[in-house]
Amino acid sequence: MKTLWILPFLLIFSSAFAQSPELDSIRRALDAQPRDSATLDGYAMYINQQIYYNAEAAKKTAAEFEEEFAKESTPPALRGKFNTIAGMAYANTGSLDSALVYFQKGKKIFEEEKDDFGLGVVLGAVRAIQSDKGDYEGATKSAIQYLELTERSGDSLDIARATFMYSQTLYEQNKYEKAESYLQRAEGILLRHLSKLPDNTPEQRTILDLLHQTVRYLSRIALQKDNVEKALHLSERVVAYAEQLNNPAIISNALGLRGDVLYKRKEYAEALRNYEEAQTFAKQSGNSIEARHGRNMAQIYLETDRPARALELLYADIEYTVRRSGRMPANEDFYRNLARAHDMLGNRDSTVFYYKALTALMDSTYTAQLSAKTEELQTRYETEKKEARIAEQESLLASQQKTQRLTRGILALVGLLAAVLFFFLQRQNRLRKELAVKNTEKEYLMKEIHHRVKNNLQILSSLLNLQKDYIVDPVAVDAVTDGRNRVQSMGLIHQKLYTEDSLGKVDMRSYIPDLCLHLSDTFDGEERVKNEYDIRVEKLDVEFGIPLGLILNELVTNAYKYAFPDDRSGVIKISLYENANSKLCLEVADNGVGKSAALQSAHSTSFGTDLVHILAKKLKAEITTKDENGHLVLLCCERYER
């Protein structure tokens, strides 16, 4: 939802209040005055300020004063202003139909009074609601009408507002190139105005607010184009503008945008921090945007083995979507994540229910695609049959006239040859397209295979985790925990394969930190033991990455188990690099008590050590250990596949 789409217009009506007004004292002062036009105007601006700080309270105040402003004795300009501001209050709390009623009242008054400025404000508000409801044709008409109004007035700041509004409409229809062009035009006008204004003035805040929204859309377009670095730079500007405005709802939007960019960069910890801050500010603002970033946050919690928190956010997303649109989310990944969260929590009935929902959604999508393909094949068949019949008729006509008009026969033959050539070219083009489709399908199937393998391993991990709760023998508990971690290390490999662009390569720069984070959660070591990484080799072949991941799992597990007894703190450093002899080296070092001083568990086995040596032999690797200032294991491989 575009909860703050109207804020640039809110500040246009009045600059009577300070940046952080004491709203209670303003209300008391207004209540003490007689009810005349000036006092009503004050109440309108009071509601305006409430929208800026607490939209729910503004909606209640608007309902309280509706009868006062509806009186015939109230000047038309004031009635138009109130209806516009009341509509904004309802829109910012998600009551779009009620908001539209108020906006239409305001629009009628402004048209009758020939007030182009007020009409422009209402058109902007109506456009946002039309867009929110999916009426892009209506939204485009409203945006163009407002742009024409401002171009007639010649006011450059009004033109900037209208240009920004039109670019919003283009963005919402995925016309990113054109939207970017209009956004850059609006940004240039706003920056020129901003450079001429003193700090801490209402005019400066108006321009800062519109500028922050303009740059926010530019950042999102960069993200759509996969230009993540540009998107991050622009999102930092958005956060800076939001902090200058010092408004909780605007800061929430800005932090959420930066979280989206960091999520795209797979910097999950930083993305989560930004999302959580955004949620905090959203609750402070009283606006209906608490669930906006829930899906990305839920995905992060699932990847870091926190299904209960993920489930909480997914259910909040359902409530938010139903409240906004009146229907359930229609997204395959959404239901896949719901099923996965329930599966991780052991809720079997719910897991089956949401997998059935996912299957039904996928089947409906497939049915629609199949129907479209059938229509396409039918059209193609009829076209080719018609072309064949035409060619046959032309050939017959040419043979009949051959003896009489030799020239005409030659031309007919040339035409026939051209038709045949065209047919073969079309056939060749069709074959190329079919091959491209098959390659895409093959890639999708490979990703789906890795996805299902990862899900199966996740189920196995969950079963082991459930089984552990019923085991009393500590030896068996340790064995099950170690087995679960080994399954998790392989599951992470397959997860990386279906989420990355390369199906046969594992991104070690994201895989190693994710694996170590899981182990840290398993051994409750996140607060005591810090992980440091020096990963200089980015991609490894999957056949090489799986055994290397298992080895890393064993070495880091041993460090957590034995290097820091009695709740000691310390550091585990994991390095992956190519040495001077072009060997791939995996190094796991800790600053713990060392192997000789480590208190080995009485029921520990040598299985993990044996597994490391077996896998090292498979990788043709040499193992070296050192016991100075802790413990270090160095594994160097002769040959490896990137």
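None of the values given here were measured: they were computed from a predicted structure.
- In terms of the side chain to side chain donor-acceptor pair (under 3.5 Å) criterion, residue partners of Thr61 (sequence neighbours excluded) are, by chain and number, Gln50.
- Under the side chain to side chain donor-acceptor pair (under 3.5 Å) criterion, Asn83 pairs with no residue at all, not counting sequence neighbours.
- The two residues Met88 and Phe103 come nearest to each other via the heavy atoms N-CZ, 3.4 Å.
- Between Lys539 and Asp507 the shortest side-chain heavy-atom distance falls below 4.5 Å.
- The neighbour count for Glu112 CD, taken as heavy atoms of other residues, nucleotides or ligands under 6.0 Å away, is above 12.
- Counting only heavy atoms from C-beta outward, the side chains of Thr280 and Leu255 never approach each other to under 4.5 Å.
- In this structure, CD in Gln279 is found 7.0 Å from CG in Leu313, a value given to the nearest 0.5 Å.
- Salt bridge absent: Arg340 and Asp343 never bring a charged side-chain N and a carboxylate O closer than 4.0 Å.
- In plain terms, the two heavy atoms of Leu183 and Tyr217 that are nearest each other are CD1-CB, 3.6 Å.
- Sorted by first then second residue, the ring-ring contact (aromatic ring centres under 6.0 Å, His included) pairs that include residues 226-259, not counting sequence neighbours, number zero.
- Between Tyr263 and Tyr275, the two ring planes are tilted [angle within 30° to 60°].
- Looking only at side-chain heavy atoms (C-beta outward), Met297 and Glu276 come within less than 4.5 Å of each other.
- Side chains of Ser131 and Gln168: no donor on one and acceptor on the other come within 3.5 Å.
- Two residues are said to be in side-chain contact when any heavy atoms from C-beta on lie closer than 4.5 Å; Gln104 and Lys108 fail this criterion.
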Derivation of the side chain to side chain contact (heavy atoms under 4.5 Å, CB included) call for Arg265 and Glu229: CA-CA 9 Å; Arg265 284 166 61 98; Glu229 294 306 317; 2.3 Å; yes
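- Listed for the Ser219 side chain is no donor-acceptor partner under 3.5 Å among the backbone atoms of Val215.
- Looking at Lys230 and Glu180, a side-chain N of the basic residue comes within less than 4.0 Å of a carboxylate O on the acidic one, giving a salt bridge.
- Pairing each heavy atom of Leu96 with each of Ala91, the nearest pair is CD2-O, 4.0 Å.
- Side chains of Val238 and Arg258 form no contact here, defined as non-hydrogen atoms less than 4.5 Å apart.
- Atom CD1 in Ile221 sits 7.0 Å away from atom OG in Ser167 (nearest 0.5 Å).
- With salt bridges taken as basic N to acidic carboxylate O contacts below 4.0 Å, one links Glu312 and Arg309.
- Ala278 approaches Ser252 most closely through the heavy-atom pair O-OG, 2.8 Å.
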Leu232 vs Leu262, side chain to side chain contact (heavy atoms under 4.5 Å, CB included): CA-CA, chis, key distance, verdict: CA-CA 8 Å; Leu232 183 60; Leu262 292 167; 4.3 Å; yes
Pair Tyr268-Thr304, side chain to side chain contact (heavy atoms under 4.5 Å, CB included): steps then yes or no: CA-CA 9 Å; Tyr268 294 142; Thr304 54; 5.7 Å; no
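- Taking NZ from Lys60 and CD from Glu56, the interatomic distance works out to 6.5 Å, rounded to the nearest 0.5 Å.
- The distance from atom CD1 of Ile85 to atom CZ of Phe69, rounded to the nearest 0.5 Å, is 8.0 Å.
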Test log, rule side chain to side chain contact (heavy atoms under 4.5 Å, CB included), inputs Met45 and Gln49: CA-CA 6 Å; Met45 300 320 304; Gln49 293 298 307; 5.5 Å; no
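- In this structure, the side chain of His342 does not engage the main chain of Ala339 through any donor-acceptor pair within 3.5 Å.
- A distance of 10.0 Å separates CG of Leu223 from OH of Tyr176, quoted to the nearest 0.5 Å.
- Look at Glu538 and Lys505 and you find no salt bridge, because none of the NZ, NE, NH1 or NH2 atoms lies under 4.0 Å from a carboxylate O.
- For the pair Thr206 and Arg161, the tightest heavy-atom approach, listed with the atom from each and the gap, is CG2-NH2, 3.7 Å.
- Applying the side-chain hydrogen bond (donor to acceptor under 3.5 Å, both in side chains) rule to pairs touching residues 182-194 yields Ser156-His193, Glu187-Arg237, sequence neighbours excluded.
- Between Val126 and Ser142, the shortest heavy-atom distance links the atoms CG1-OG, 4.2 Å.
- With sequence neighbours excluded, the residues satisfying side chain to side chain contact (heavy atoms under 4.5 Å, CB included) with Ala310 are Ala298, Tyr301, Leu302.
- The six-membered or imidazole ring of Tyr102 lies near that of Tyr90, with a centre-to-centre distance under 6.0 Å.
- Between Glu172 and Arg127 a salt bridge is recorded (basic side-chain N to carboxylate O distance below 4.0 Å).
- Lys225 NZ: more than 12 foreign heavy atoms inside a 6.0 Å radius.
- Arg273 has a carboxylate O that lies under 4.0 Å from a charged side-chain N of Glu270, or vice versa, which qualifies the two as a salt bridge.
- Here Thr163 contributes atom OG1 and Met165 contributes atom CE; the two are 9.5 Å apart, rounded to the nearest 0.5 Å.
- Annotation: side chain to side chain contact (heavy atoms under 4.5 Å, CB included) contacts of Leu194 (sequence neighbours excluded): Gln204, Ile207, Leu208, Leu211.
- Side chains of Leu190 and Leu157 form a contact here, defined as non-hydrogen atoms less than 4.5 Å apart.
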